[in-house]
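These notes concern the structure reproduced below.
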Amino acid sequence: MRAANINRETKETNITLELCLDGGAIQVSTGIGFFDHMLTTLAFYAGWGMQLSAQGDLQVDGHHTVEDVGIVLGQAFRTALGNYGGIHRYGLAFVPMDEALCRTVLDCSNRPFLIFQAEMPQPMVGDYDSCLTCEFMRAFAINAGVTLHQRCEYGDNAHHITEALFKSLGLALRKAVELDGDGVTSTKGIL
């Protein structure tokens, strides 16, 4: 099983994560309702099993919780991949959500990078600050070792844009980690 368990505790957050790239139950609790929905959506479309519990300093705002969950999820993803052997490596997905259309293209390359082009028309979605989507994606990409490009082609609703970004990330990751042989997908022989 391609899986990882991570516990991370700081003065701002306490996060416990069990991740299985090959499926399983999904349960998420961060104290931020919309973020829970996005993480559940991500895990569902990625085909993951995920048990995530996060307590953060929400009396300040959601920033530390969202960013630190991205860090932990990225670390677990990277650990679960192991030596990257046998994976397809690349993933691409477009997801429409009503008036919004978003694209994710990624490379599980052990070369972290983020290009994020998605303006949020509304500052808040429920109790979730929509600008934190970029913070989550950055923390995930850096800690996962993923080259991640995301773009909102168009859209007028921050809820729809954010959801399309998380869904397209899940679908692209699902494709990228599909087993496609037994060697490393690189002319260098190592990632």
Side-chain angles (χ1 to χ4, degrees), residues 13 15 17 19 21 26 28 30-48 50 52 54 56 58 60-78 88-177:
T13 62
I15 301 169
L17 172 65
L19 178 68
L21 301 183
I26 301 168
V28 175
T30 67
I32 306 170
F34 183 73
F35 189 45
D36 290 353
H37 177 45
M38 292 301 95
L39 293 169
T40 300
T41 297
L42 168 61
F44 177 83
Y45 284 97
W48 296 343
M50 186 166 77
L52 173 68
L58 297 180
V60 175
D61 67 12
H63 189 285
H64 299 142
T65 300
V66 172
E67 182 177 36
D68 287 7
V69 166
I71 290 168
V72 170
L73 187 57
Q75 290 171 346
F77 179 82
R78 191 177 208 157
H88 184 72
R89 180 177 164 181
Y90 297 99
L92 161 69
F94 283 86
V95 169
M97 182 83 185
D98 295 344
E99 87 299 340
L101 176 65
C102 293
R103 175 192 75 203
T104 295
V105 183
L106 59 84
D107 177 9
C108 294
S109 61
N110 203 24
R111 290 194 311 274
F113 204 87
L114 175 68
I115 298 293
F116 185 87
Q117 298 173 330
E119 300 225 2
M120 297 294 171
Q122 296 81 36
M124 299 296 292
V125 180
D127 55 353
Y128 177 81
D129 186 341
S130 60
C131 74
L132 295 180
T133 301
C134 182
E135 298 301 322
F136 171 82
M137 297 301 178
R138 180 179 297 112
F140 174 76
I142 289 168
N143 288 276
V146 169
T147 301
L148 176 59
H149 293 247
Q150 288 195 303
R151 180 182 175 95
C152 175
E153 301 294 336
Y154 42 81
D156 300 321
N157 182 298
H159 181 135
H160 297 157
I161 292 167
T162 304
E163 191 160 347
L165 289 168
F166 274 86
K167 285 179 176 177
S168 63
L169 176 62
L171 289 167
L173 286 168
R174 184 181 202 131
K175 177 62 178 172
V177 303

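What you see is a predicted model, and the numbers here were worked out from it, not measured in a lab.
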I would like to know whether Val177 and Phe77 meet side-chain contact (heavy atoms from CB on, under 4.5 Å); could you show each step before the answer?
-> CA-CA 10 Å; Val177 303; Phe77 179 82; 3.7 Å; yes

Show the numbers, then the answer: is there a side-chain contact (heavy atoms from CB on, under 4.5 Å) between Tyr128 and Met38?
-> CA-CA 11 Å; Tyr128 177 81; Met38 292 301 95; 5.6 Å; no

Verdict with reasoning, Leu52 to Val69, per side-chain contact (heavy atoms from CB on, under 4.5 Å) = CA-CA 9 Å; Leu52 173 68; Val69 166; 3.8 Å; yes

Could you please spell out the steps behind the side-chain contact (heavy atoms from CB on, under 4.5 Å) verdict for Leu92 and Lys175?
-> CA-CA 8 Å; Leu92 161 69; Lys175 177 62 178 172; over 6 Å; no

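A 4.5 Å side-chain heavy-atom check between Leu73 and Leu17 finds at least one atom pair inside the cut-off. Inter-residue side-chain proximity for Leu173 and Leu169 is flagged as met; some heavy-atom pair is nearer than 4.5 Å. In this structure, the side chains of Met124 and Asp129 come closer than 4.5 Å at one or more pairs of heavy atoms. Taking the side chain as every heavy atom from C-beta outward, Leu39 and Phe136 approach each other to under 4.5 Å. Proximity of His63 to Leu132: side-chain heavy atoms (C-beta onward) are separated by under 4.5 Å at one or more points. Taking the side chain as every heavy atom from C-beta outward, Trp48 and Ile26 never approach each other to under 4.5 Å.
In this structure, Leu106 and Cys108 approach most closely via the heavy-atom pair CD1-SG, 4.1 Å. Closest approach of Asn157 to Glu99, counting heavy atoms only: N-OE2, 2.9 Å. Gly62 and Leu58 make their closest contact through CA-CD2, 4.0 Å (heavy atoms, listed as atom of the first residue, atom of the second, distance).
With rounding to the nearest 0.5 Å, the separation of CZ in Arg151 from CG in Leu101 is 10.5 Å. Rounded to the nearest 0.5 Å, atoms CG (Leu165) and CZ (Arg103) are 11.0 Å apart. Separating the CZ atom in Arg138 from the CD1 atom in Ile71 is a distance of 11.5 Å, to the nearest 0.5 Å. We find the CE-SG distance between Met97 and Cys152 to be 12.5 Å, quoted to the nearest 0.5 Å. Atom SG in Cys134 sits 11.0 Å away from atom CD in Glu119 (nearest 0.5 Å). Ile161 CD1 to His159 NE2: the interatomic distance, rounded to the nearest 0.5 Å, is 11.0 Å.
Residues Tyr45 and Phe166 place their aromatic rings such that the two centres sit no closer than 6.0 Å.
Under a 3.5 Å cut-off, the side chain of Gln122 and the backbone N or O of Ala158 do form a donor-acceptor pair. Between the side chain of Glu67 and the backbone N or O of Ala139 there is no donor-acceptor pair closer than 3.5 Å. A donor-acceptor pair under 3.5 Å is formed between the side chain of Thr133 and the backbone N or O of Ser130. Using modelled atom types, no side-chain atom of Ser168 and backbone atom of Phe94 make a donor-acceptor pair closer than 3.5 Å. In terms of modelled atom types and a separation under 3.5 Å, the side chain of Ser109 and the main chain of Arg111 share a donor-acceptor contact. At distances below 3.5 Å, not a single donor-acceptor pair connects side-chain atoms of Gln150 with backbone N or O atoms of Thr104. Side-chain N or O atoms of Tyr90 include none that pairs as donor or acceptor with a backbone N or O of Ala172 at under 3.5 Å.
In summary, the side chains of Thr65 and Thr30 do not present any donor paired with an acceptor at a separation below 3.5 Å, with no hydrogens or angles considered.
Screening Ile142, Leu114, Asp107, Val105 for a side chain to side chain contact (heavy atoms under 4.5 Å, CB included) with Leu148, the sole residue that qualifies is Leu114. Evaluated for a side chain to side chain contact (heavy atoms under 4.5 Å, CB included) with Phe35, the options Val66, Thr40, Val125 yield exactly one hit, Val66.
In the displayed structure, Phe116 atom CZ is contacted under 6.0 Å by more than 12 heavy atoms of other residues, nucleotides or ligands.
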